[in-house]
Amino acid sequence: MSRPHRTVSARSADGARLHIEVYGPEGAPAVVLSHGWTCSTLFWAAQIDDLARDYRVIVYDQRGHGRSPAVGPGGYTTDALADDLEAVLGATLAPGEKAVLAGHSMGGMTLMAASARPAFREHAAAALLCSTGSSRLVAEGRVVPMRPGRTRTRLTRMILGARAPLGPVTPVSKRILRYGTMGPGTAPDRVAACARIVHACPRPVRVAWAHVLGELDLDAGVRELRVPTAVVTGTADRLTPSVLAHRLAGELPECVGVTELTGMGHMTPVEAPEAVTAVIRGLVENHLRTDVGEESAV
């Protein structure tokens with residue numbers, strides 16, 4: 001991954017410290033990337049390397065992940081996700097400056113949670129919801145190979161909230177991770193990269209966020225996402241199946257398209273980096289550069 005142009009530390013509303021990295025040329029159009037559950041800024045390595053050639057790319061570690069410290073037991077909520085995003089936008093963007101905001105999995109849920117917030121409305125030109133959903137994650141999840149119903153839902157909740165340590169990355173753990181989160185044809189080096197990132201997430205943080213995701217209801221936030229929004233889904237995603245993506249598309253006020261990535265699982269930015277990057281580039285070119293031009297002409 002490229003070296004950051006600079007690092008920034010911001011404080012969220014409850015005082016939680018957030019680690020932020022900024023890549024690319026100063027003054028270029030801005031893209032903000034928000035990673036998912038058990039991941040970190042490293043998850044966006046391919047997007048950073050590509051996008052930072054032309055844009056200012058802002059990435060941050062969600063609280064408790066990467067280099068953003070863990071917080072107390074009450075600090076893991078969807079409101080906290082929204083608070084953190086507002087803090088990141090305030091620390092890295094000029095007043096009124098627009099950006100394309102992209103979120104994967106819990107990062108997409110962050111955008112939904114923040115959609116009605118003043119900072120989001122001030123700074124969002126367009127959004128990407130990548131491999132995510134707004135509710136019914138446990139009920140729709142397909143990690144357990146059973147027919148839908150109470151038994152599958154209960155087992156899925158138990159697996160996602162398991163307190164067992166993940167331990168070191170091994171051939172067995174990589175096979176388990178690929179089954180649960182990636183498509184069957186994912187290249188071994190990409191499975192290994194995801195395993196290193198996921199296994200680095202502290203167990204208490206992983207479990208705390210699992211409880212939040214298990215009770216997730218951000219349907220109202222989807223309807224408040226009043227910017228052009230693209231949706232990306234992998235057809236082999238067991239954690240947030242494509243049915244959730246199409247439900248998002250039907251509820252978004254301004255959906256600009258659903259991209260289905262055949263054979264890809266939940267980790268689409270790593271599994272299909274070129275495709276995800278292309279969607280982000282399209283949002284910048286169609287909705288951010290136009291805004292810049294219009295503002296300059298006024």
Q: Can you measure from OG (Ser68) to NE2 (His19) and round to the nearest 0.5 angstrom?
A: 7.0 Å

Q: Determine, stepwise, if the pair Trp37 / Leu160 fulfils side chain to side chain contact (heavy atoms under 4.5 Å, CB included).
A: CA-CA 11 Å; Trp37 179 48; Leu160 295 182; 4.1 Å; yes

Q: With salt bridge (charged side-chain N to carboxylate O under 4.0 Å, His left out) as the criterion, how do Glu274 and Arg281 come out once you've worked through the C-alpha distance, each side chain's angles and the decisive distance to 0.1 Å?
A: CA-CA 10 Å; Glu274 297 86 358; Arg281 281 189 172 274; over 6 Å; no

Q: Compare every heavy atom of Leu261 with every heavy atom of Ala272, then report the nearest pair and how far apart it is.
A: CB-CD1, 3.9 Å

Q: Which pair of non-hydrogen atoms, one from Tyr23 and one from Glu21, has the smallest distance, and what is that distance?
A: OH-OE1, 2.6 Å

Q: What's the separation between atom CG in Leu283 and atom OG1 in Thr229, rounded to the nearest 0.5 Å?
A: 8.0 Å

Q: Between Gly133 and Leu244, what is the shortest heavy-atom contact and its length?
A: CA-CB, 4.2 Å

Q: Please work out whether the ring planes of Tyr76 and Trp209 are parallel, tilted or perpendicular, with thresholds of 30° and 60°.
A: perpendicular

Q: Applying salt bridge (Lys or Arg N to Asp or Glu O under 4.0 Å), name anything that partners Arg223, two or more places apart in sequence or on another chain.
A: Glu251

Q: Compare all side-chain heavy atoms of Glu140 with those of Arg247 and state whether any distance is below 4.5 angstrom.
A: yes

Q: Which residues pass the salt bridge (Lys or Arg N to Asp or Glu O under 4.0 Å) test with Glu271, sequence neighbours left out?
A: none

Q: Enumerate the residue pairs fulfilling side chain to side chain donor-acceptor pair (under 3.5 Å) with a member in residues 101-121, sequence neighbours excluded, ordered by first and then second residue.
A: Gln62-Thr110, Asp83-Arg117, Glu86-Arg117, Ser105-His266, Arg121-Glu224

Q: Which heavy-atom pair separates Pro228 from Ala125 by the least distance, and what is that distance?
A: CD-O, 3.4 Å

Q: Could you report the tightest heavy-atom contact between Val279 and Ala230, atom names first, then the distance?
A: CG1-CB, 3.8 Å

Q: Say you draw a straight line from CD of Glu97 to CD of Glu122; how long is it, rounded to the nearest 0.5 Å?
A: 10.0 Å

Q: Can you name the one residue among Val31, Leu85, Leu128 that meets side-chain contact (heavy atoms from CB on, under 4.5 Å) with Leu101?
A: Leu85

